[in-house]
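Everything below concerns the one structure shown next.
Just so it is clear, the values below take in all heavy atoms, side chains as well, and ignore hydrogens, waters and symmetry mates. Here the structure is a predicted model, which is why all the values come from computation and not from measurement.
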Amino acid sequence: LGEPLSGETSLRGALANPCRGSAVIGFTLGQESLATFSVFDLSGRVVDERRGQFPMGESEITMSEVRPGIYFVRMTAGDFSATRRFVVME
């Protein structure tokens, strides 16, 4: 994935993959927006969810409630939706 163009919304996913302990999720918003981040385990169960108003530009959130395993993070912001996979190790 290249750098997003100015004004483009994107989900970069976990900034270290695999990660240890908590997962830091990187994303970019083309404008200030309400965004929701849902983390799913392999069975499709939501294990963590964050919602908030974020500024335009690059941001990060930390998902600290995840145990070792394989996960998917889905970001929705306005009409944008994307999903990325990440792994948490002990």
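Panel note: side chain Arg74, backbone Thr83; no donor-acceptor pair is recorded below 3.5 Å. In terms of modelled atom types and a separation under 3.5 Å, the side chain of Arg50 and the main chain of Thr62 share a donor-acceptor contact. Looking only at distances, no side-chain donor or acceptor of Ser43 sits under 3.5 Å from a matching main-chain atom of Asp41. Of the possible polar contacts, one joining the Asn17 side chain to the Arg85 backbone as a donor-acceptor pair under 3.5 Å is found.
In this structure the side chain of Glu60 reaches within 4.5 angstrom of the side chain of Leu15, judged on heavy atoms.
Taken from CE in Met56 to CG in Leu29, the straight-line distance is 9.5 Å, to the nearest 0.5 Å. Taking OG from Ser64 and CG from Asp48, the interatomic distance works out to 6.5 Å, rounded to the nearest 0.5 Å.
Cluster annotation: Met75 and Ile61 are assigned to the same hydrophobic cluster (Ile/Leu/Val/Met/Phe/Trp/Tyr, side-chain heavy-atom contacts under 4.5 Å, transitive). Hydrophobic cluster membership differs between Tyr71 and Met89, with clusters built from Ile, Leu, Val, Met, Phe, Trp and Tyr side chains linked at under 4.5 angstrom. Placement of Phe37 and Val87 in two distinct hydrophobic clusters is found when ILVMFWY residues are connected by side-chain heavy-atom separations under 4.5 Å, directly or transitively. Side-chain heavy atoms closer than 4.5 Å link hydrophobic residues (I, L, V, M, F, W, Y) into clusters, and following such links, even through other members, never connects Phe40 to Met63.
Looking at Ser38 and Glu49, their side chains do bring a donor and an acceptor atom within 3.5 Å of each other.
If you look at Phe27 and Phe80, their ring centroids are not closer than 6.0 Å. Here Phe72 and Phe86 keep their ring centres 6.0 angstrom or further from each other.
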**Message:** Between Arg12 and Ile25, is the side-chain contact (heavy atoms from CB on, under 4.5 Å) condition met? List the steps.
**Reply:** CA-CA 7 Å; Arg12 294 191 312 276; Ile25 308 297; over 6 Å; no

**Request:** Please assess Thr9 against Thr28 for the test side-chain contact (heavy atoms from CB on, under 4.5 Å), listing each intermediate value before the final yes or no.
**Result:** CA-CA 5 Å; Thr9 298; Thr28 303; over 6 Å; no

**Asked** Would Val46 and Val39 count as a side-chain contact (heavy atoms from CB on, under 4.5 Å) if you check the C-alpha gap in whole Å, the side-chain angles of each, and the deciding distance to 0.1 Å?
**Response** CA-CA 6 Å; Val46 176; Val39 176; over 6 Å; no

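Residues Leu34 and Arg51 come closest through the heavy atom pair CD1-CG, 3.7 Å.
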